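In what follows, chains carry the letters A, B, and so on, assigned in the order in which the sequence lines appear, proteins first and then strands, with residues in each chain numbered from 1. Values reported hereafter were calculated over all heavy atoms of this structure, with side chains retained and with hydrogens, waters and symmetry mates removed. No experiment lies behind these values; they were computed from the predicted model shown.
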Amino acid sequence: MTSEAPPRNLDFIREIVEDDLRSGKHNTVVTRFPPEPNGYLHIGHAKSICLNFGIASEYGGRCHLRFDDTNPTKEESEYAEAIKRDVTWLGFSWDHLFHASDYFEQLYQWGEELIRDGKAYVDSSTAEEIRDMRGTLTEPGKESACRSRSADENLDLFRRMRAGEFSDGTHVLRAKIDMQSPNINMRDPVLYRIRHEDHHRTGDKWDIYPMYDYAHPLSDAIEQITHSLCTLEFEDHRPLYDWLVETVRVPARPRQIEFARLNLNYTVMSKRKLLRLVEERYVAGWDDPRMPTIAGLRRRGFTPAAIRNFAERVGVAKRENVIDVGLLEFCVREDLNKVAPRVMGVLRPLRVVIENYPEGQSEELETPNNPEDASAGSRKVPFSRVLYIERDDFMEEPPKKFFRLAPGREVRLRSAYFITCSSVVKDAAGNVVEIRATYDPATRGGDAPDGRRPKATLHWVSAEHAVDCEVRLYDRLFNAENPEEGGDFLEHLNPDSLEIVPDGKLEPSVRSAAPFSHYQFERLGYFLVDPESKPGQPIFNRTVTLKDSWAKKLAGGGGLARASV
RNA sequence: UCCGGGGUCGUCCAAUGGUAGGACGCGGGUCUUUGGAGCCCGUCAUCGUGGUUCGAAUCCACGCCCCGGAGCCA
């Protein structure tokens, strides 16, 4: 009778959340995504965003977007705006935008409270002295002489720090915990530092700013966060997190849970390295289609659904992981295959003259917009005597498994006619510059009344109707699986990560395609209309190639099948 | 060396003392007006050594290996 719930493989975080809900520890779940506005979001952040917003929505809770803006020297509004844009684009929304800087007053008051309770003190040592007294990984630290200051003296000093009476670096507020602790984070961590610097939101109101370790747990508590999810490197900070939410009289006690961050092969993910790629112009900007940033992926042609699906497939666990970028590519193909309209485009044009097709004549042929989706309808493409096909689709001396066009061979032109290559025209150097062919008028639409079936179907574009376009073919930015390994990561930059095709030929239906629209160029791959396109002069970014078993054969099978086209 | 984590197919993720399973990849087949997609089949793994148990990836012991940690960064 008891209807068993279908077995689900929950990740360890969702298990904890469900336990807490079941046990009544919480009756709602509140998570948060807390970026520092000092750089652009990347695919690793997407995992965290999907996790935090995903859990909130699955369990009927909330997820806050909170800017962890506690360091005015590194943070900018431009980054904050980009982050909001990216989170929204990914498909998530927050009902209220939070900032750690909104809590500065409360955080300051709690600082005074800690002082009064004898749990914090002002240290007037220099940064070097503090570092020296902290000890090492294997030796305990030493207590600062300032540790014994009276609460009154500490309060006075802390207030004067706030009032701006002291210059940068002269004093800090430290928690009084345990200089002997084997966990360095518990050796009287710094809570506040003096920074005479304007903050992008609070202006010149503050001369002291809280440290992450202090601001983060208390901000979580203020927002009644139930589960504070972060990456593994904060595991050592958890005792301090707990110390703060237990020691300070906060309205709630959030729990920090750590998971392994996402790593992707053939790219770099650290903000410092991404910033360097941008600043030193190895890429065109944060949204360069080769960047692993959300903005870059968007401009490359990845879809929010593909990224969300990717985030789900990579899972959540605590062991270090490196995800194969092939999985990301699989996810975008999977999505685009369902939704991208098909279109025909030739990247390396080879002229074909249909000798028995009347000069000056043309006709319109019907072709489906998406064979995967009948509701996408169909469109007409013009056909005439002179066409372009892909250079790679013709070989004068075809090897065994090459099924495409060759002298004397008949192939189908997609949704058009069967053609047979009758001869080739070469230039002085012996390069094939034109194919002469005949067509079979009885095969209009692509079927032969006698039932014969060519082994290949080629895409094509009518020369006189073609739209000229630029196509940007992107490949991975690095050619090493782990660019960080061995020497400078820049040494592994892939010199062929961008190839510009200046004279692609497209069917006329895409002449004024809107920026950011997705297409499949049949047999080639998925392409996105770049925002730099001008009316009538589209620019396309290749998102990803279609799987191509012939190209793979050429590449020797296995490994990194790069499209030859 | 101290503290904290982690070791399951090539790569990710599951199995919560009871037949090691899924996804991607790879290989093959089928289908095909995209050499795409789809469909079918197959390939491949529990860090090591002991122990507990009818039964261990799972529990215990001892090792080994990997990652993180000494910002007034987050």
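The gap from the C1' atom of B/rC44 to that of B/rG27 amounts to 12 Å, rounded to the nearest Å. Comparing B/rU16 with B/rG10, their P atoms sit 23 Å apart, to the nearest whole Å. For the P atoms, the distance linking B/rA74 with B/rG69 amounts to 16 Å, nearest Å. Annotation: B/rU58 and B/rG6 have their C1' atoms spaced 16 Å apart (nearest Å). A distance of about 4 Å separates the C1' atoms of B/rA45 and B/rC9, rounded to the whole Å. For B/rG28 and B/rA37, the P atoms lie 15 Å apart once the distance is rounded to whole Å. Taking the C1' atom of each, B/rC62 and B/rA70 are spaced 31 Å apart, rounded to whole Å. One C1' atom belongs to B/rC31, the other to B/rC65, and the distance between them is 48 Å to the nearest Å.
Within the nucleic acid shown, A/Thr126 comes within 4.0 Å of at least one base atom, counting heavy atoms only. When heavy atoms are screened at a 4.0 angstrom cut-off, A/Ser415 is found touching base atoms of the nucleic acid. A/Arg414 comes within 4.0 angstrom of a nucleotide base, judged by non-hydrogen atoms across all strands. At the heavy-atom level, A/Glu258 lies nowhere under 4.0 Å from the strands shown. A/Tyr214 comes within 4.0 angstrom of no nucleic acid atom, judged by non-hydrogen atoms across all strands. Within the nucleic acid shown, A/Ser125 comes within 4.0 Å of at least one base atom, counting heavy atoms only. Across all strands, A/Ala127 comes closer than 4.0 Å to base atoms (heavy-atom distances).
Between A/Arg523 and B/rG35, a side-chain N or O to OP1/OP2 separation shorter than 4.0 Å is present. Here A/Arg261 does not reach the OP1 or OP2 of B/rC67: none of its side-chain N or O atoms lies under 4.0 Å away. For B/rA74, the OP1/OP2 oxygens have a side-chain nitrogen or oxygen of A/Arg193 closer than 4.0 Å. Between A/Lys552 and B/rG27 there is a side-chain N or O to OP1 or OP2 distance below 4.0 Å. For A/Arg453 and B/rU32, the shortest distance from a side-chain N or O to OP1 or OP2 is below 4.0 Å. OP1 or OP2 of B/rU34 has not a single side-chain nitrogen or oxygen of A/Lys547 nearer than 4.0 Å. Note on A/Arg187: every side-chain N or O is 4.0 Å or more away from OP1 and OP2 of B/rG71. For A/Thr70, no side-chain nitrogen or oxygen approaches OP1 or OP2 of B/rC73 to under 4.0 Å. One finds a side-chain N or O of A/Arg195 lying less than 4.0 angstrom from the OP1 or OP2 phosphate oxygen of B/rC73.
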Test ring pair (Phe, Tyr, Trp, His ring centres under 6.0 Å) applied to A/Phe383 and A/Tyr417, step by step = CA-CA 10 Å; A/Phe383 183 90; A/Tyr417 295 97; 5.1 Å; yes

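The side chain to side chain donor-acceptor pair (under 3.5 Å) contacts involving residues 209-221 of chain A comprise A/Arg32-A/His216, A/Arg66-A/Asp220, A/Asp68-A/His216, A/Asp213-A/His237, A/Asp220-A/Ser228, A/Asp220-A/Tyr241, where partners must be two or more places apart or lie in separate chains.
A search for side-chain contact (heavy atoms from CB on, under 4.5 Å) contacts involving A/Ala82 returns A/Tyr40, A/Arg85, not counting sequence neighbours. For A/Leu275, the side-chain contact (heavy atoms from CB on, under 4.5 Å) partners are A/Tyr79, A/Glu279, A/Trp286, not counting sequence neighbours.
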Using Watson-Crick and G-U wobble pairs whose two distances are both under 3.5 Å, how do you write the pairing of RNA chain B as dot-bracket, with | for links to another strand?
-> .((((((..((((....[..)))).(((((.......)))))....(((((..]....))))))))))).....

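Heavy-atom minimum distance, A/Arg319 versus A/Ala260: O-CB, 3.2 Å. Across A/Cys331 and A/Asn309, no two heavy atoms sit closer than the pair SG-OD1, 4.0 Å.
With hydrogens and angles ignored, a donor-acceptor pair closer than 3.5 Å exists between the side chain of A/Arg404 and the base of B/rG35.
Base orientation of B/rG28: anti, since the glycosidic angle falls outside 90° of 0.
Within a 6.0 Å radius of CZ in A/Arg379, other residues, nucleotides and ligands contribute more than 12 heavy atoms. Within a 6.0 Å sphere centred on CD of A/Glu334, heavy atoms belonging to other residues, nucleotides or ligands number more than 12.
A donor-acceptor contact shorter than 3.5 Å links the side chain of A/Asn265 to the backbone of A/Val325.
Nucleotide B/rC66 holds its P atom 20 Å from the CD atom of A/Glu233, rounded to whole Å. Separating the CG atom of A/Asn9 from the P atom of B/rU58 is a distance of 19 Å, rounded to the nearest angstrom. The distance from atom CD of A/Glu15 to atom C1' of B/rA15 is 11 Å, rounded to the nearest whole Å. The distance between atom CD of A/Glu522 and atom C1' of B/rU32, rounded to the nearest whole Å, is 13 Å. Atom NE2 of A/His196 and atom P of B/rC72 are 18 Å apart (whole Å). Atom C1' of nucleotide B/rG28 and atom NZ of A/Lys553 are separated by 12 Å, given to the nearest angstrom. The distance between atom CZ of A/Arg333 and atom C1' of B/rA23, rounded to the nearest whole Å, is 16 Å. B/rG36 atom C1' lies 11 Å from atom CG of A/Asn370, rounded to whole Å.
A salt bridge does not link A/Glu390 to A/Arg404: none of the charged side-chain nitrogens sits closer than 4.0 Å to a carboxylate oxygen. A salt bridge does not link A/Arg201 to A/Glu75: none of the charged side-chain nitrogens sits closer than 4.0 Å to a carboxylate oxygen. Of the charged side-chain nitrogens involved, none lies within less than 4.0 Å of a carboxylate oxygen, so that A/Asp392 and A/Arg523 do not count as a salt-bridged pair.
Aromatic pair A/Phe302/A/Phe310: centroids not less than 6.0 angstrom apart.
Under 3.5 Å, the side chains of A/Glu197 and A/Thr73 contain no donor-acceptor pair of N or O atoms. A side-chain donor from one of A/Ser125 and A/Asp123 sits under 3.5 Å from a side-chain acceptor of the other.
Residues from residues 136-146 of chain A with heavy atoms under 4.0 angstrom of RNA chain B, sorted by number: A/Thr136, A/Leu137, A/Thr138.
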Below 3.5 Å is the cut-off: list the nitrogen or oxygen pairs between protein and nucleotides 4-9 of chain B, distance only.
residue: B/rG5; atom: O2'; partner: A/Glu235; partner atom: OE1; Å: 3.4
residue: B/rU8; atom: O4; partner: A/Arg319; partner atom: NH2; Å: 3.4

